[in-house]
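Okay, so here's the structure we're looking at.
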Amino acid sequence: MTVKIFMLGATGFIGGDLLACLEEQYPEYEITCLVRTQDKADIVRAVYPNVKVVLGDNESAEIVERETLNADIVFHSATSADDVPGTTSICKAAAKEKESGRPTYYIHVSGTGLLTYQADKGQPRHGKTYNDWEGLPDLVNFPAEAPHRNVDQIVLEAAKANPATLRTAIVCPPVIYGPGRGPINKRAMITPLTVASMIERGQGYLPTGDAAWHHVHVHDLSDLFIRLIRAAAEGGGRATWNQEGYYLAESERMGWPEYCKAALARVAEAGYISPNDEEVPVWDMQEAVGQVGGLAGIYYSTALGESIRARKLLGWEPKGKSVVHDMVDVIALEAKALGK
Ligand SMILES: NC(=O)c1ccc[n+]([C@@H]2O[C@H](COP(=O)([O-])OP(=O)(O)OC[C@H]3O[C@@H](n4cnc5c(N)ncnc54)[C@H](OP(=O)(O)O)[C@@H]3O)[C@@H](O)[C@H]2O)c1
């Protein structure tokens with residue numbers, strides 16, 4: 001049987017890296033990508049002539065439903081963590097019975113922003129380290145107002161209502177780093193923005209507190225997706241789906257002060273700031289956001305969740321370069337982009 005995959009987000013960092021892996025490892029798969037603009041569609045087609053491209057966006061309900069109905073596996077990373085219309089269309093079509101009698105597999109990308117949710121004082125979730133094994137009930141029962149929870153809920157409810165026709169896996173990455181290999185966006189977010197800000201300002205700062213997130217290398221994340229896709233192609237494999245189909249995807253824990261200190265040291269080594277530690281200011285969140293903008297808020301938040309499920313069931317073993325090693329390459333790229 002030819003495996004048919006419908007992808008949303010292939011022009012982005014996460015989806016692009018996965019598309020590159022799929023094309024390399026499974027060139028026989030029939031892949032259709034939803035792309036928003038003609039110019040990006042032309043690039044995807046030029047890089048991957050085998051890939052079919054359809055124009056549309058998350059709100060193109062008719063197109064998303066039609067392509068979902070045509071697919072065995074749907075992969076969604078097109079702002080998926082917060083995408084209500086596209087996720088709803090996928091779930092609606094994927095729940096329909098197919099002539100083949102086989103269920104549709106849906107791999108949805110969420111995000112561990114979910115774990116930053118601070119419940120009331122009686123539930124000290126903030127700072128807690130979650131996990132996706134015995135800790136699974138926590139992950140699938142966050143309150144509606146937690147980040148990304150409204151979209152997770154669309155997927156989980158559709159899976160619960162349609163167990164015979166729909167198999168879902170929600171993959172929840174933390175901060176993603178490393179160079180993307182996709183056709184268009186190859187740039188991660190947090191490390192490039194962190195070092196670019198230091199290079200541009202010629203200085204950095206350290207955050208107060210002891211907040212921490214987990215991180216994952218984008219190549220390791222793609223490897224996890226590939227393992228899930230392979231399991232789906234085998235009719236489910238050793239993966240768990242639906243209410244037990246929730247996968248955290250972490251490879252390394254880092255405290256933010258430690259992360260910023262490492263970035264400062266690497267940027268100093270590269271010669272873009274003075275290496276004098278004593279001159280580095282320590283800022284609280286208000287000061288940092290005021291000075292460098294809203295993204296600095298992440299250095300004061302905690303999102304910790306250990307991925308046990310993918311390791312145990314899928315044999316997933318992250319192998320990517322460490323966060324700190326990756327910084328060296330990112331500094332060179334960001335400095336070049338800034339004309340330094
Ligand atoms: N990057 C991370 O560190 C990280 C970590 C955890 C979770 N996530 C989640 O993963 C998702 C993707 O992240 P990413 O890093 O791949 O982002 P990205 O590089 O910005 O890619 C976003 C993708 O979504 C597409 N897109 C945006 N709005 C769309 C719309 N209305 N309809 C259809 N497509 C649309 C973009 O298409 P265009 O090329 O046309 O813009 C692009 O393909 C996000 O939901 C994010 O919250 C990311």
Side-chain angles (χ1 to χ4, degrees), residues 6-21 31-45 47 51 53-64 67-68 74-90 107-116 146-152 154-155 170-194 213-222 224-225 246-252 254 259 295 298 301 303-305 307 320 323 326 330:
F6 175 41
M7 290 186 71
L8 300 88
T11 57
F13 176 58
I14 297 176
D17 197 72
L18 173 63
L19 178 60
C21 289
I31 301 177
T32 301
C33 296
L34 183 80
V35 175
R36 288 201 289 181
T37 57
Q38 188 62 53
D39 57 331
K40 290 193 177 177
D42 292 343
I43 297 172
V44 173
R45 279 196 198 103
V47 180
V51 167
V53 177
V54 288
L55 284 179
D57 64 22
N58 291 341
E59 297 198 27
S60 312
E62 215 173 291
I63 296 166
V64 173
E67 295 303 330
T68 297
V74 179
F75 173 87
H76 184 15
S77 66
T79 61
S80 46
D82 298 305
D83 167 42
V84 171
T87 304
T88 304
S89 299
I90 293 167
I107 300 169
H108 174 87
V109 180
S110 185
T112 61
L114 177 74
L115 311 184
T116 64
H148 314 316
R149 170 64 188 171
N150 61 328
V151 181
D152 279 9
I154 294 170
V155 179
I170 296 177
V171 178
C172 201
V175 174
I176 308 169
Y177 68 97
R181 296 163 291 186
I184 299 178
N185 186 19
K186 303 176 199 310
R187 189 178 183 241
M189 196 164 56
I190 303 299
T191 298
L193 291 175
T194 297
W213 275 57
H214 272 116
H215 296 244
V216 69
H217 194 290
V218 66
H219 301 178
D220 288 323
L221 182 63
S222 288
L224 197 164
F225 292 137
Y246 206 106
Y247 296 80
L248 295 170
E250 124 290 328
S251 56
E252 193 178 342
M254 276 201 93
Y259 172 93
L295 192 88
I298 196 167
S301 73
L304 293 172
S307 26
V323 175
D326 172 63
V330 177

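Read the numbers this way: they start at 1 and go in the same order the structure lists the ligands and their atoms. Numbers here simply count residues along the sequence, with the first being 1.
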**OP:** Say whether, by atom type as modelled, one donor and one acceptor occur between the side chain of Ser251 and the main chain of His215 under 3.5 angstrom.
**Re:**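 Answer holds: yes.
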Original post:
Under a 4.5 Å cut-off applied to non-hydrogen side-chain atoms, are Ser307 and Glu250 in contact?
Top reply: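 Yes, side chains in contact.
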**OP:** Check the surroundings of atom CD in Gln38: do more than 12 heavy atoms from other residues, nucleotides or ligands lie under 6.0 Å from it?
**Re:** yes
Subject >> Qualifying residues under salt bridge (charged side-chain N to carboxylate O under 4.0 Å, His left out), relative to Arg36, sequence neighbours excluded >> reply: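 Once residues adjacent in sequence are excluded, Arg36 has no partner under the salt bridge (charged side-chain N to carboxylate O under 4.0 Å, His left out) criterion.
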Subject >> Sequence neighbours excluded, every pair satisfying salt bridge (Lys or Arg N to Asp or Glu O under 4.0 Å) that has a member inside residues 77-88 >> reply: none
Original post:
Protein residues near ligand 1, heavy-atom distance below 4.0 Å?
Top reply: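 Contacting ligand 1 under 4.0 Å are Gly9, Thr11, Gly12, Phe13, Ile14, Arg36, Lys40, Asp57, Asn58, Ser77, Ala78, Thr79, Ser80, Ala81, Val109, Ser110, Gly111, Pro173, Pro174, Ile176, Asn185.
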Without placing hydrogens or testing angles, list every side-chain donor-acceptor pair under 3.5 Å for residues 9-17, not counting sequence neighbours.
{"residue": "Asp17", "atom": "OD1", "partner": "Arg181", "partner atom": "N", "Å": "2.9"}
{"residue": "Asp17", "atom": "OD1", "partner": "Arg181", "partner atom": "NE", "Å": "2.8"}
{"residue": "Asp17", "atom": "OD2", "partner": "Arg181", "partner atom": "NH2", "Å": "2.8"}
{"residue": "Asp17", "atom": "OD2", "partner": "Ser222", "partner atom": "OG", "Å": "2.5"}

